[in-house]
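A, B, ... follow the sequence lines: proteins, then strands. Residue 1 opens every chain.
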Amino acid sequence: MADIRVRFAPSPTGYLHVGGARTALYNWLYARHHGGVFILRIEDTDVDRSKPELETAILESMRWLGLAWDEGPEVGGAHGPYRQSERQERYRQVVAQLEKSGAAYPCFCTAEELQARRAHAEAEHRAWKYDGACRHLSADEIARRRSAGQSYALRFRVPHSGTTAFDDQVFGRIEVSNADIEDFVLARSDGHPTYHLGVVADDLDMRVTDVIRGADHLSNTPKQILMYRALGATVPRFAHLPLILGPDKQRLSKRHGATAVGAYRDQGVLPEALVNFLALLGWTPPGGKEIVPPEEMVQSFELSAVSKSNAVFDLEKLAWMNAEYLRHLPRERLLPLVEEELRKEGFRIQDSGFSGRRPEAGRQDPGFRIQDSEGGNQKLEIRNQKPEVRDEIAEVRRQHAASPAHEREKFERSVLLLQTRARSLKDFVQSGRAFFSDEFDYDPEARKKFWKDAALADYLDALAARLEKAETFDAAETEKVLRGLAEERNLKAGLLINASRVALTGQGVAPGLFEVMAALGRERVVARLHRAAAFLRNPSAGNN
RNA sequence: GGCGCUAUCGUCUAGGGGUUAGGACGUCAGAUUCUCAAUCUGAAAACUCGGGUUCGAUUCCCGGUAGCGCUACCA
């Protein structure tokens, strides 16, 4: 299949929702698999509901998911414009062509009239379909009404007999008799095209070879095929995708909670996890693997392997998949993500208040590096500077070496520690709060469970004292110290371990205690143990 | 109502005329342990119903039922 061209055509009447995202993904996979072109088109024919901000948000979500388009807004292409609102002239031409050939005719029925007739039919339990009132108006009559200024819509003249069929790449052969298709509207009385006109004209102009979209369009397809034929055009291949449902098996909607792609990003979901999860909603890769990297998806994606039945969006499985991706995320990618998360939550990463030896704000980086003409970084030579400047630079360097570098290291170790049990990026700032700030509360549940022993305050002080003097401060050494103390006092090590965990992290649940200690550093550990001891002696003095 | 589509564990699904109906998430139990994850082991859990075709149907056909979609001058 050479020269495959597919498109994803969202309408900017809402955010990109997960169903749309899956449709976009399948289009993208199909295009990439076949070395074809992936087009993004904005279907903003509904002028009342379409909003430019929403278009921006959709584009943003697409980029976040990693679904780059080859033609469309912002990247252009040879078959644009890619916004329906900018293609009005083209639709007028198509309508004119259809009207001229007799495939379309003006309908002067007003919305109210149609409404009334429909209601009447329903009241009598008759199936309603546009009754063709204007289907056979004479040319004279049409001219008369037009010159009288009567507004009209344009309808497609659907044949009364015969059937329209097509071979869907997912659903197989679909056949409907034309008698069941009504004379649908192509152009509204205000001249704006309807969806049917827009898609067909655009898909034609954009040379779309494969229309891949939600199964909610399955019933619309025969109408569109009729239009292609009336236009004398080649009918593209169609592939319809089963719908995504909520837990109640109803079509997924806002009622079910988060449906927007952006909402999942805000909840700390990784794009690769969402993509992988969405891909599996209706498609099974060969071998039934669950975790499938994008390259592999592209390689093995086949429309014929797409399921025909609707799928429930299972948040639990998404959460699992997100955790899976999060745990295996390379640190270069994880660290910036966590930093961003912390920033969003108002943490100041370099300034967690421990060493107090960080450079003052205004002096942080007085030309420590300069940009060379190639754009790379180049260190300033100290010896060529005037003495005052030289001293200042030297001082800043010293501080950078002493404190920020150290803090940075602690930060990285903490992130990596937390990574092993994170389920979402939010976990780093929520349950992991104590790793990035001194301001954290003792979880009431954890206190109840692990701070029961009356003598704990003394134990924690004793532990702090010993840790302060410990030879080194790595996991092995701190463990030795703690277990030694436990043995001397005839305590179970678990008692001290669990109590210390609450003291150091505020949580009853956290990574292994000795790794936590190493990541936090001696100073913080000692301070927090003492602080917890003080709190235990006098809880009313305040939490913290 | 009319038209169309769909139907395997709670969920996502594999499979296909003869299978102990497979996997994954979730659930439960155990191992591990310093809490919780992770990990490992194990368990419970499904072919919508009725007819046909057939030596044999979960699989193929027909019908019922249920669900979903379309039925707009929405997309």
By nearest atom, which of the nucleotides [options] is closest to the [X] side chain?
{"X": "A:R423", "options": "B:C73, B:C70, B:G26", "answer": "B:G26"}
{"X": "A:K449", "options": "B:C36, B:G1, B:C12", "answer": "B:C36"}
{"X": "A:E182", "options": "B:A72, B:C3, B:U35", "answer": "B:A72"}
{"X": "A:V312", "options": "B:C5, B:C12, B:G26", "answer": "B:C12"}
{"X": "A:R421", "options": "B:A75, B:C25, B:U35", "answer": "B:U35"}
{"X": "A:Y195", "options": "B:A75, B:G10, B:U35", "answer": "B:A75"}
{"X": "A:D216", "options": "B:C25, B:G23, B:C70", "answer": "B:C70"}
{"X": "A:L243", "options": "B:A75, B:G26, B:G69", "answer": "B:G69"}

Inset, instruction - Determine whether A:Y152 and A:C109 make a side-chain contact, defined as any pair of heavy atoms from C-beta on separated by less than 4.5 Å. - result: no
Inset, instruction - Would you verify whether the NZ or CZ of A:R531 falls within 45 degrees of the ring axis of A:F440 while also being under 6.0 Å from that six-membered ring's centre? - result: yes
Legend entry - Stacked cation flag A:R327 on A:Y325, 6.0 angstrom / 45 deg: no
Legend entry - Under-3.5 Å donor-acceptor pair between A:R251 side chain and B:C68 base: no
Legend entry - Polar side-chain contact A:S189-B:C73 base: donor and acceptor under 3.5 Å: yes
For the pair made of [atom1] in [X] and [atom2] in [N], what is the distance, rounded to whole Å?
{"X": "A:R117", "N": "B:A72", "atom1": "CZ", "atom2": "P", "result": "13 Å"}
{"X": "A:F171", "N": "B:G69", "atom1": "CZ", "atom2": "C1'", "result": "9 Å"}
{"X": "A:M321", "N": "B:G26", "atom1": "CE", "atom2": "P", "result": "11 Å"}
{"X": "A:L326", "N": "B:C36", "atom1": "CG", "atom2": "P", "result": "21 Å"}
{"X": "A:W451", "N": "B:U35", "atom1": "CH2", "atom2": "C1'", "result": "14 Å"}
{"X": "A:L245", "N": "B:U11", "atom1": "CG", "atom2": "P", "result": "11 Å"}
{"X": "A:W128", "N": "B:C70", "atom1": "CH2", "atom2": "C1'", "result": "17 Å"}
{"X": "A:D183", "N": "B:A72", "atom1": "CG", "atom2": "C1'", "result": "15 Å"}

Mind checking the [atom1] distance from [N] to [M]? Whole angstroms is fine.
{"N": "B:A66", "M": "B:C73", "atom1": "P", "result": "30 Å"}
{"N": "B:U8", "M": "B:U19", "atom1": "C1'", "result": "14 Å"}
{"N": "B:U54", "M": "B:G2", "atom1": "P", "result": "34 Å"}
{"N": "B:A45", "M": "B:G1", "atom1": "P", "result": "37 Å"}
{"N": "B:G22", "M": "B:G42", "atom1": "P", "result": "14 Å"}
{"N": "B:G18", "M": "B:G4", "atom1": "P", "result": "32 Å"}
{"N": "B:A75", "M": "B:G23", "atom1": "C1'", "result": "37 Å"}
{"N": "B:U53", "M": "B:C61", "atom1": "P", "result": "16 Å"}

Please determine, for [N], whether a Watson-Crick or G-U wobble partner exists with both distances under 3.5 Å, and give it or none.
{"N": "B:C73", "value": "none"}
{"N": "B:U35", "value": "none"}
{"N": "B:U59", "value": "none"}
{"N": "B:U19", "value": "none"}
{"N": "B:G4", "value": "B:C68"}
{"N": "B:U27", "value": "B:A43"}

Think [X] has a side-chain N or O under 4.0 angstrom from the OP1 or OP2 of [N]?
{"X": "A:R126", "N": "B:G2", "answer": "no"}
{"X": "A:Q250", "N": "B:C68", "answer": "yes"}
{"X": "A:R155", "N": "B:C73", "answer": "yes"}
{"X": "A:T194", "N": "B:C73", "answer": "no"}
{"X": "A:K249", "N": "B:U11", "answer": "yes"}
{"X": "A:T45", "N": "B:A75", "answer": "yes"}

Inset, instruction - Would you mind classifying the nucleic acid contact of A:P242 as base, sugar-phosphate or nothing, using non-hydrogen atoms under 4.0 angstrom? - result: nothing
Inset, instruction - Tell me what A:G214 touches on the nucleic acid: a base, only sugar-phosphate, or nothing, going by heavy atoms under 4.0 Å. - result: nothing
Legend entry - A:Q84 or A:A311, whichever maps to the more 5' nucleotide of RNA chain B: A:A311
Inset, instruction - Select from A:N310 and A:A305 the residue whose nearest nucleotide in RNA chain B is closer to the 5' end of that strand. - result: A:A305
Inset, instruction - To the nearest 0.5 Å, tell me how far A:F108 CZ sits from A:S151 OG. - result: 8.5 Å
Legend entry - Check: A:R135 main-chain N/O paired with A:D183 side-chain donor or acceptor under 3.5 Å: no
Legend entry - Main-chain N/O of A:I212 paired to A:N27 side chain as donor or acceptor, under 3.5 Å: yes
Legend entry - Partner of A:E99 by salt bridge (Lys or Arg N to Asp or Glu O under 4.0 Å), out of A:R157, A:R92, A:R146, A:R155: A:R146
Legend entry - Identified salt bridge (Lys or Arg N to Asp or Glu O under 4.0 Å) partner of A:D203 from the options A:R213, A:R41, A:R237, A:R87: A:R41
Inset, instruction - Decide, yes or no, whether a salt bridge links A:R466 with A:E488 under the criterion of side-chain N to carboxylate O below 4.0 Å. - result: yes
